[in-house]
Each structure stands twice: as structure tokens, then as C-alpha cells.
Amino acid sequence: MSPEIIISCNHLTVAYEDKLALEDVTFDIHRNEFWGILGPNGSGKTTLLKSMLGLVAPVSGSIRVLGVAPANLGPLRDKIGYVPQHSQVDFNFPLQVREMVLLGRCRKMGLGKRAKKEDYEAVDKALERVEMSAFARRQIGRLSGGERQRALIARALALEPEIMLLDEPTAALDVGVTEGFYEWLNHMHSQLHMTLVLVSHDVGVVSQFVSAIACLNKTLVAHGRPAEVLNQESLEQMYGCEVMLFQHGRVPHMVVPSPAHQHEHQHH
Amino acid sequence: MDLLQYAFMQRAILSAAIIGTVCAAIGVYVVLRSMSFIGAGIAHASFAGVSLGFLLGVNPFFTTIVFCVGTAWGIAFLSERRKVHEDSAVGIFFASTMALGILLIGLMKGYNVDLFGYLFGNILAVSSNDLLISLIIAALVIGCIWFFYKEFLLLTFDPEMARVTGLKTKMLNLLMMTLMAVTIVISIKSVGIVLVSALIVTPAASAYLLSTDFKNMMLLAILFGVGSSWMGLLLSVWFNLASGATIVMVATLVFFVCYFMAAHRRRHKFSGRTRS
Ligand SMILES: Nc1ncnc2c1ncn2[C@@H]1O[C@H](COP(=O)(O)OP(=O)(O)OP(=O)(O)O)[C@@H](O)[C@H]1O
Ligand SMILES: [Mg+2]
């Protein structure tokens, strides 16, 4: 018996005005799986997560999250934690870390209701998980990029979600910390029994931890177990250029000859 | 202080407290969402409302509330469609409602009404009827802010996350714009069309400089709002100055004091020992 399907894309096609961002994407995510979504810039990774959240609607095909169309999730939204790629928020906002994390539970607390003891407990537990308890009273602007990212993850964790959607959470982290972060994420995954969907550029590192991979380039180029998916052919198809693979343990590492990525990392 | 024996002075003091509170509270959202231009736009829309009220011979309060709330919704509606920038939407309403007001005044035969009073306000001319209306509306506005405290906070801080968590962001946004519009309407009699946006923006902007916490900012803004209104009222009576203008000048002075305090504090933090 295979575990329950949590997210199901069925010929999912998404467009912004007249520009296609995702085309005919079909795959299923099961409970407790840890998915890595890979693809070059502009390949539709963020769009895929936004479709799962109902922030963009499909033009054709369908997507179901927890059995319903994302626009109709209603209270089921409380089961989904989301860590956006570029949080456009103003970090000079007069808000302390603990308050910001609490806002993750805004809907769950109920319209017009104030935070109760259980809400604060969930917040403190989330802060502990990301090792940010010491920063609870800090104004959010007085955090480093990495600490901000952890605070945003805590905001998603505060919901005690069943599904976590993370959009390039390591963009603000330096290389040394990145691997540790994935180890931590993997630990979270096994400890909290969450279904994880992680968008990332770090093909090599990600493939060590995830249970399945989806390679996007507007269309779904390949998906399945890391070892099956990560071969020369599918990677080249995905990145649209030659790639070099390095065998490193069981899973290959690779090099993409594109300066765009280095650029991105410097900016964040 | 035998001035306090006069009923008009008692009304003015009460009115200053009400308006100082409600403008500052709404101002916190206006400042944090960079909506001060919208505030000015809505305020100027009331000019058409006031003119129409005089033309029809009805209490300008009712025509003004129609124009201000209508403008607030119009701006919200136009900028929801991505094709029109919020900024442009405000600019369009700002000018067109002023133009409409001027046309309406032209229709009146030899206007002798106190338009100047509406443009620059006169807190000493607030009637007990005005006071009652503004008290009720202010209570409604503060009640909404109290009830939707965390929803408004999330909508202001991170609108995308507000949508993701499943808040009805369109409705909340419309509600916030409406609250802003009615706040402006009840303040016009006292501080005037031209100056009301200052009373909304300035105390909140001052509070922003000194706050690291939302609740603090809200309380501090209200303190500054009421403080400047009372101080301004007092000075205007003592020195026989225009009340609206004096209140705004006091609020501005408070802002610069806060500005230098914040700058001073920053400098101290970086020189000498580091704080953890
Ligand atoms: N709001 C939008 N309006 C119009 N087009 C958009 C919008 N957001 C994304 N796009 C387009 O849709 C395509 C997919 O974008 P998406 O953000 O999903 O890519 P991505 O894989 O997340 O890229 P990155 O690695 O740079 O984050 C891109 O070509 C982009 O230009
Ligand atoms: Mg993206």
C-alpha cells in the first residue's frame, strides 16, 4: 500500500498574462516524502509552489492539495507552512522576532482573537527548533540575512504544519552553512513527519537528502528518486546546456557553466 | 484656566483628543504601508463633498463621507488591477475631485459659506452635533482596529503571507481604506482638508522613529497625536492663531525632536561600548 497522496498535479499549466510559466506538469507528492524541486532561473519553481498555495490559478489542468483545489483550502491552510524566496517585507518594521513568528498563526488563532498560551508555546517551540530563542525579543531588522531566514522558517513552523514549502531557503546562507542547514532540515523531516517540498539550486547537496526530485524547465523534465533522475541526459535537458557530473558517493555532483547562479548568490 | 468654562473650549478639547487619537491610530498603518499620498488624496476628495453639501443645502458631513469613502474604494479598486499604479490612481482622484468641487462652487450664486473653514479647519467652531458624530465614528474606527489587530498587522507587514494564511485580504484592505476615509471626514471640521493628512502621518512617523515594537508604535503615535492636538489648541487660543495650522506645527516639531533623538541614539550605540 502506498502512502496517501498529499499534493497532486495533473497536466498543470500556469501562465502569467500570456506567458507560460508551467506547462503540462504531472506528478504526485505522497505523505512524508521530501521533494527537491530543481531547475534553472525562470523555470517555474516558485510558480509551482505558488500554485500549491493557490496564489496563482492554473489555466488548464489541475492541482490538488490535501484533496482539494488550493483556492478552496480554507482551514486546511493551517496545515501548510510556506517560506518564500524573496520576502518583500520591510525589515525595518517595528516588530520583534517573536511577534513576527506569531503572525504565522494569524488565521489559525481565529478572526479577532488574541494569542493564547498554546499559540505562544508553538511559537517558542518553533524558535527553539531554528535555534533563535535568544533572538525572540530582537527587532527583525537587527538580524543577519541567515537569522532572518531562520526566523521566517520559524514563522512557518509555528503552524506545526504537515506540509512545508521552502523556496530556496539557503539563498542567504554562505556555502559553509548551507550543508548544515540541509542536514538540519533532514533532521526536522524525520523528526516531525512533515512532507517537505524544497526548491533549490544546490543539486549536489540536495540530492543527498531528498527522497524524490522533480526537474523543471517550464515542463517537468524528469522526476523520481535522485539516483534515477540525476543523469547527464535529464540535467542537460533541464539546464539546456552541457553539464559535467562528478561522482561523489552514491549521487553525482555537477557543474553548470552558467555565471547567472554565482550572480544570484552574491545578491542575496 | 477660566477658558475651560466656555462650552466651545470644552468641545474643542474633547474634539482634539478624539481626532488626535483616531488619526494617529490610522496613521500607523498609513506610515507603515507608505499610503500617505492616499490619505492626502482622500482628504482632497472631501472638497467636492463639502461643495456639494453647500450647494444642496444639506449637512456637508454626509456628502463628504460619500465622496471620501467612494474615493478610497475607487483607489483600492483601480490599483487592484495591476495596470494602474496606486500612485496614479490617487493622482487621478486627487485632481478630479478638486476640479469637481470647484465646478460645484461655481454653480452657487455668490458663495458666502465658510469654505475657508473647511480648507484649514477651525476646532473652536466644532458643534456638539459634530462632536457626537465624530465620537461615534472614532469609537467604531478604534473598535475595528482593536478587533482586527493581528489581521491588520499581518496585512500591513506581509500582504503575501496574509493571503497564504488565508485571510480575506481584499476585504480587510477595503475595510482599512474605509476606516481611513471616515477618520479623515471627522477630522476635516477641526484641522481642515489641506492639513488633515499631516495629523495622520506626522505623529505616526514620529512614533516609528522610536519604536521597535508595533504596540509601542501605536501607543506612542496616539500619545503624540493627542499631545500635539492639545498643545496646538492651547497655543492657538493663547496667541490667537489658526488652530489647525498650530496643531500641525506642534506635531511637526515633535517629529523633528524624535528624529534627532533617534539619530542621537544611533550615534551613541556605535560609539563607545557595543550593546548586545
Ligand atoms: N508575477 C509575474 N508576472 C509575470 N511573469 C512572471 C511573474 N512571476 C514569474 N513570472 C515568469 O514566470 C516564469 C517562471 O518564474 P518563476 O518565478 O516560477 O521561476 P523560478 O524557477 O522560481 O526562478 P528562480 O530560480 O529565478 O527563482 C519566469 O519566466 C518569470 O519571468
Ligand atoms: Mg523562484
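Residue numbers start from 1 in every chain, and the chains themselves are labelled A, B, ... in the order their sequence lines are given, proteins ahead of strands.
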**Q** Shorter than 4.5 Å, heavy atoms on both sides: which option in A/Ile80, A/Leu111, A/Leu53 has the most such pairs with chain B?
**A** A/Leu111
**Q** What residues form a side chain to side chain donor-acceptor pair (under 3.5 Å) with A/Asn10, not counting sequence neighbours?
**A** none
**Q** Of all heavy-atom pairs between A/Glu99 and B/Asp213, which one has the smallest distance, and what is that distance?
**A** OE1-OD1, 4.3 Å
**Q** Between A/Pro94 and B/Ser211, what is the shortest heavy-atom contact and its length?
**A** CB-O, 3.9 Å
**Q** Between A/Met109, A/Arg137, A/Arg105, which has the largest tally of heavy atom pairs under 4.5 Å with chain B?
**A** A/Met109
**Q** Which members of residues 152-162 of chain B, sorted by number, sit under 4.5 angstrom from chain A on a heavy-atom basis?
**A** B/Leu153, B/Leu154, B/Thr156, B/Phe157, B/Asp158, B/Glu160, B/Met161
**Q** Between A/Asn92, A/Leu55, A/Asp90, which shows the greatest number of heavy-atom pairs under 4.5 Å with chain B?
**A**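 Among A/Asn92, A/Leu55, A/Asp90, the one with the most close pairs to chain B is A/Leu55.
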**Q** Please state whether the side chain, the backbone, both or neither of A/Lys50 comes within less than 4.5 Å of a heavy atom of chain B.
**A** side chain
**Q** Go through the atoms of A/Arg155 and report whether side chain, backbone, both or neither lie under 4.5 Å from a heavy atom of chain B.
**A** side chain
**Q** Could you list the residues that satisfy side chain to side chain contact (heavy atoms under 4.5 Å, CB included) with B/Ala198, not counting sequence neighbours?
**A** B/Thr202, B/Val248
**Q** So which of B/Leu167, B/Thr165, B/Thr212 has the largest heavy-atom pair count under 4.5 angstrom toward chain A?
**A**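 Most heavy-atom pairs within the cutoff with chain A belong to B/Thr212.
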**Q** Which bit of A/Leu103 comes within less than 4.5 Å of chain B, counting heavy atoms only: side chain, backbone, both or neither?
**A** both
**Q** Chain A contacts: which residues in residues 17-33 of chain B have a non-hydrogen atom closer than 4.5 Å to it?
**A** B/Leu32
**Q** Given a strict heavy-atom distance threshold of 4.5 Å, which part of A/Leu102 is in contact with chain B: side chain, backbone, both, or neither?
**A**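 Contact with chain B involves no heavy atom of A/Leu102 at all.
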